[in-house]
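I have placed the structure first, in the form of structure tokens, so that the comments after it can refer back to it.
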Amino acid sequence: MTATTGDVLIVGAGVIGTTSAFRLAREGWRVTLFDAAPGSGATWAAAGMIAPSAEVAPGEEENFTLQRGALAAWRDVAREILDVTGDELELFETGTLLVGFDTSDRRLVDQFSLVAQRFGVAPQHVTRESHEKLFDGVSARVHDGVLLDGDAWLDPDQAIALLTKANASLGVTLVRQHVLAATTDGDHVEVTTAEQTFRGDVGVLATGARALPEGVADRVANVVRPVRGMTVRVQGLDRSALPTLRAFVRGRSLYVVSRPGGYCVLGASSDEQGELVVEVGELQRLLRDALDLVPSLESAAIVETRQGLRPASKDLAPFVEIVDERWAWLSGHYRHGVTLAPLTAREALSFAEGLK
Ligand SMILES: Cc1cc2nc3c(=O)[nH]c(=O)nc-3n(C[C@H](O)[C@H](O)[C@H](O)COP(=O)(O)OP(=O)(O)OC[C@H]3O[C@@H](n4cnc5c(N)ncnc54)[C@H](O)[C@@H]3O)c2cc1C
């Protein structure tokens, strides 16, 4: 670790702000992190998949290339967390099994495979006959699918908890207050809450899909819109030793991220809305699709629903925007913020180092 280099103020303690705080603190920066409700944004709802192969989408080549480096970056973060706290951040490198529920859904899997191959992913065709175990719990209607290497998942709750613990050990100050204004006089940055004003050398905005504070809100070029998503958490199905199950069911995407002990994250809905409510139809569709794909979920217990706002930029790609030289805005992570957090944190560090 280098010597202390300066003060950085970070607004927003989701996965992006919390990981950036860790990266900067590890490099010797004095960090103050602001959030009235740390970890309560989109990060709270996320399934935690780091799944470049399953996430390929036409037109998102650059994003895919970025995501390919994400798992290695998370491995580095896990090693550093262990170093600082003695605790292990678990990364489950399971790969993905993608299946289609009906005939049209199987065509979607075929189309996905063609796109994936263009991205350099090699989907492996598997059948119930050749790989019976992989289809454990999956509806008998599904006879085949494709296996995708290189995908993994982590538990975002664990990641936030361990990063927060590590940050505390590294001297990061967590201010549980909402930031009203973020400004600069050219040499320093200032953050104003309802209670206090804080001064630093450099600032990072990691507010996800939420509106930026005054002072910077009207000075940015990028636009971020909220895309609401919901996950349903159930207890009663353990496929944790198997690849993450993803599917097209009646044209909709579905995933079942199964953790050891029978806790499963079913996801996810996607609505162009910024209001955090759970609609009956949205919940019904997700549960019906999940039950059709995995009939044994019938007797699983519902633990909770979680919903969050994905921060989507115009081109659905993440960005780092420099505002008035001293503020960097890190957003646009959309479906991939957990995946990309360690790589974005490196960008936060480069930005701060560049201003030294
Ligand atoms: C249902 C769902 C499932 C998902 N699954 C995955 C997945 O499997 N893998 C993956 O990689 N990504 C996934 N994502 C996407 C991922 O969750 C987001 O891209 C990521 O969480 C964005 O992180 P963030 O830190 O930018 O935003 P957030 O997590 O929203 O955090 C922003 C934080 O800023 C704080 N804040 C905002 N304004 C202020 C202010 N003025 N002052 C102080 N604090 C402020 C908020 O309180 C919040 O805590 C999913 C998203 C959803 C909704």
Side-chain angles (χ1 to χ4, degrees), residues 9-21 32-52 54-55 63 66-67 70-71 74 96 151-156 159-160 163-164 174-182 191-194 198 203-217 224 226-233 244 246 253 255 257 265-271 273-274 276 278 282 286 305-313 316-319 329-345 348:
L9 309 184
I10 302 181
V11 184
V15 71
I16 299 298
T18 306
T19 315
S20 298
T32 307
L33 182 58
F34 299 86
D35 200 319
S40 65
T43 305
W44 178 70
M49 290 176 293
I50 304 163
E55 283 288 320
N63 197 339
L66 255 185
Q67 288 184 58
L71 181 56
W74 268 114
T96 302
D151 288 351
W153 62 268
L154 55 71
D155 173 359
I160 291 292
L163 283 163
T164 301
L174 180 59
V175 178
R176 291 176 183 269
Q177 293 173 32
H178 187 73
V179 171
L180 300 174
V191 151
T192 305
T193 69
F198 299 79
V204 171
L205 302 158
T207 48
R210 294 293 182 186
L212 287 169
E214 273 180 34
V216 282
V224 164
V227 180
R228 186 178 70 207
M230 178 185 61
T231 46
V232 180
R233 281 73 196 321
T244 294
R246 293 179 74 137
S253 293
Y255 54 73
V257 180
V265 183
L266 313 177
S269 62
S270 185
D271 283 284
Q273 301 214 37
L276 274 180
V278 178
E282 184 187 9
L286 183 49
T305 61
R306 293 189 180 191
Q307 48 287 331
L309 304 176
R310 301 178 185 92
S313 64
L316 304 182
F319 61 81
W329 182 25
L330 316 177
S331 190
H333 295 87
Y334 191 36
R335 314 189 305 273
H336 306 127
V338 175
T339 305
L340 296 174
L343 297 170
T344 300

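As the structure lists them, so they are numbered: ligands from 1, and atoms in each ligand from 1.
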So which atom in A45 and which in T231 form the shortest heavy-atom distance, rounded to 0.1 Å? O-OG1, 2.8 Å
Minimum-distance protein heavy atom relative to atom 21 (O) of ligand 1: T43 OG1, 2.9 Å
the protein heavy atom lying closest to atom 31 (O) of ligand 1 turns out to be G14 CA, 3.4 Å
What are the atoms of ligand 1, with element, lying closer than 4.0 Å to any heavy atom of V11? 40 (C), 42 (N), 43 (C)
Between Y334 and ligand 1, which residue portion shows a heavy-atom distance shorter than 4.0 Å: side chain, backbone, both, or neither? backbone
Rounded to the nearest 0.5 Å, what separation is found between the CD atom of Q177 and the CZ atom of F198? 5.0 Å
Sub-3.5 Å N/O-N/O distance, M49 and ligand 1: yes
What do we get for Q307 next to ligand 1 when only non-hydrogen atoms under 4.0 Å count, side chain, backbone, both or neither? neither
To which protein heavy atom is atom 1 (C) of ligand 1 closest, and what is the distance rounded to 0.1 Å? G229 C, 3.5 Å
Under 3.5 Å, side chain of T43 to main-chain N/O of G14, donor-acceptor pair present? no
For E214 and L180: C-alpha separation, side-chain torsions, deciding distance, then whether side chain to side chain contact (heavy atoms under 4.5 Å, CB included) applies. CA-CA 6 Å; E214 273 180 34; L180 300 174; over 6 Å; no
Numbering the atoms of ligand 1 from 1, which are under 4.0 Å from a heavy atom of F34? 43 (C), 44 (N)
Minimum heavy-atom distance between P38 and R176, given as atom pair plus value: CD-NH1, 3.5 Å
